[in-house]
Amino acid sequence: MYQRQFQRIQPQTTAHLAQTMTLLSMNVDELNQEINRALAENPALVMKEERRCPGCGKLLSGNQICPVCSKPKSAQSDEAIVFLSPRSEFSYAKSAPDEDIYMDEVDNTDEVSLAEFILRQIAYDLENQDRIVAAYILNQVDEDGFLNENLAEIANYYHLPLSRIENVKRMIQHAEPVGVGSATPEEALMVQLEVINESNPVPPYYFDIIRMGFGVLSKKQFAQIAKALKISNTEAEKAVDFISKNLYPYPARAHWGNFRLPSEEKGQVYSHPDVIINHMNNDPTLPLVVEIITPTYGTLDINPLYKQAIKQSAEETKEDLKTDYEKANLLIKCIQQRNNTMQRLMEKIVHIQRAFIDQGEKFLEPITRAELSKELEVHESTISRAVSNKSVQLPSGQIIPMDLFFDKSLGIRSVLKEIIESENKDQPLSDTEIVDQLKSQGYPLARRTVAKYRSMEGILPAHLRKQERKGK
DNA sequence: CTATGGCACGGATT
DNA sequence: AATCCGTGCCATAG
């Protein structure tokens with residue numbers, strides 16, 4: 001039975017492969033867009049009503065039964081339940097474009113609605129002319145919330161003084177979500193910091209750190225920052241921590257969805273995790289619940305009317321209808337395949353990296369994509385695609401890039417951090433000494449490598465660590 | 001003279 | 001085929 005269905009799309013097998021590959025390498029946000037696009041332009045494709053678990057109210061995909069509620073309470077704590085979790089916060093366009101019911105869903109992801117959202121906040125305080133300018137600017141803002149347009153040109157076009165345009169831009173930037181309309185991530189951060197500063201004053205060097213640029217921030221180079229601004233290392237660390245926790249460089253993304261949790265570790269912000277890992281009922285003795293987020297709120301299906309239409313229509317239109325039908329069929333198959341791969345992959349990863357998930361970085365098992373691909377009997381590149389560009393939320397609330405599960409050195413780096421933290425601060429360990437320490441703990445490394453890891457973690461060299469101590 | 005960072009090479013990984 | 005990563009050598013700062 002499955003055989004036959006598969007046969008039908010055999011002639012397009014290369015297309016099938018190509019599409020599976022591209023879908024696999026997409027994260028939830030991108031997949032959401034892709035599905036919306038397909039829904040909009042292919043009449044054969046429809047979104048069926050959502051189905052919820054009668055027990056817990058979770059959205060279910062396809063014919064699946066709720067994996068959480070169907071699990072007996074006596075489940076082993078080392079088990080993990082991996083399942084697909086459709087999310088209602090992903091809005092999709094209904095097949096009939098004239099409907100705007102979905103607009104009053106909680107979140108508005110469209111640029112249009114973001115623009116409207118902001119415009120409503122500031123419209124009262126603007127004169128008519130300025131309102132037009134504001135509308136224009138908001139329409140030029142890209143999906144991250146940035147404005148790449150030259151203000152002087154806008155001023156020219158509307159025959160208004162530049163200062164007036166700047167004023168409008170300022171108002172947009174200060175409206176929620178704060179920072180939209182900036183030209184760069186740095187500018188957005190500046191605006192956000194200014195706003196915070198008005199109610200809760202922050203030390204002035206916070207601004208200087210942002211001026212140093214986004215790159216320094218995301219790499220967490222405390223040492224450099226401290227040196228350049230003549231502040232202590234801990235002050236620098238505190239500042240960067242504050243910034244990554246309270247500010248968000250892509251203002252429009254942060255507004256999108258309500259559960260933004262900045263990844264503290266990397267100083268980067270991921271808006272929607274692709275996978276969420278939790279303990280059942282937040283109880284660490286219960287099994288893990290692994291949700292693979294899918295943007296299909298409801299189920300994708302072939303429009304039943306469409307099949308009839310094909311039979312009844314005249315010969316010449318039949319062909320067109322048929323290609324639509326096959327395209328839709330293909331997409332559904334590919335998405336299923338993607339889901340299946342993700343599910344199998346996460347099952348393996350969670351099993352292997354269980355210690356890491358429960359107990360932290362130190363226990364990250366060094367594993368390569370190649371090894372995993374053998375176990376799962378898929379091609380290496382499949383794993384690569386499935387893993388890249390995706391993010392995972394851990395039970396701790398941290399959001400990490402999925403690549404991290406394959407980071408060979410992270411485990412060692414965290415041991416290194418421990419060693420340095422517990423060292424005698426008056427006589428800091430030199431790199432050579434750290435090599436010995438690590439070797440005795442079962443991590444043979446070259447001296448040069450220790451130095452690399454140290455700088456990756458933003459830890460100063462031995463002689464400077466001593467100074468740091470004095471300065472305090 | 002020692003500790004460290006820069007550059008570049010080679011092997012592994014993607 | 002391209003990229004990443006560990007490592008060795010060498011220059012330089014302390």
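Letters A, B, ... are given to chains in the order of the sequence lines, protein chains preceding strands, and every chain is numbered from 1. All values derive from a computational prediction rather than experimental measurement.
Of the listed nucleotides (C/dG6, B/dT4, B/dG6), B/dG6 has the atom at the smallest distance from the side chain of A/Arg448. Closest approach to the A/Ala446 side chain among B/dT14, B/dT4, C/dT7 is made by C/dT7 (side chain taken as heavy atoms from C-beta onward). For A/Ser384, the listed nucleotide lying nearest its side chain is B/dT14; candidates were B/dT4, B/dT14, C/dG6. Closest to the side chain of A/Glu380, from the set B/dT14, C/dG6, B/dG5, is B/dT14.
A/Ser409 comes within contact range of the sugar-phosphate backbone alone, with a heavy-atom separation under 4.0 Å but no base atom that close. Within 4.0 Å (heavy atoms only), A/Arg454 reaches sugar-phosphate atoms of the nucleic acid but no base atom.
Ionic pairing of A/Asp403 and A/Arg369 is present here: one or more N-O contacts between side-chain nitrogen and carboxylate oxygen are shorter than 4.0 angstrom. Remark: A/Lys169 engages A/Glu187 in a salt bridge, criterion side-chain N to carboxylate O under 4.0 Å.
Inspection of the A/Thr341 and A/Asn339 side chains reveals no N or O donor paired with an N or O acceptor under 3.5 Å. If you check the side chains of A/Thr323 and A/Glu326, you find no donor sitting under 3.5 Å from an acceptor.
Within the 4.0 Å cut-off from OP1 or OP2 of C/dG6, at least one side-chain nitrogen or oxygen of A/Tyr453 is found. At the phosphate of B/dT13, neither OP1 nor OP2 sits under 4.0 Å from any side-chain N or O atom of A/Thr368.
The NZ atom of A/Lys408 sits 7 Å away from the P atom of B/dT13 (whole-angstrom rounding). Put simply, CZ on A/Arg369 is 13 Å from C1' on B/dA12, counting in whole angstrom units. Distance A/Arg413 CZ to C/dG6 P: 8 Å, rounded to the nearest Å. Residue A/Ile367 contributes atom CD1, which lies 10 Å from atom P of B/dT14 at whole-angstrom precision. Protein atom CD1 of A/Ile420 is 10 Å distant from nucleotide atom P of B/dT4, rounded to whole Å. Per the geometry, NE2 belonging to A/His463 stands 15 Å off C1' belonging to B/dC1, to the nearest Å. The distance from atom NZ of A/Lys452 to atom P of B/dG5 is 10 Å, rounded to the nearest whole Å. Per the geometry, CG belonging to A/Leu464 stands 9 Å off P belonging to C/dG14, to the nearest Å.
For the helix from B/dC1-C/dG14 to B/dT14-C/dA1, the angle separating the two terminal helix axes comes to 10°, with each axis derived from five pairs and the value rounded to 10°.
The shortest side-chain heavy-atom distance between A/Leu345 and A/Val378 does not fall under the 4.5 Å cut-off. For the pair A/Phe406 and A/Ile349, the minimum side-chain heavy-atom distance is below 4.5 Å. Between A/Ile35 and A/Ile335, the closest side-chain pair of non-hydrogen atoms falls below 4.5 Å.
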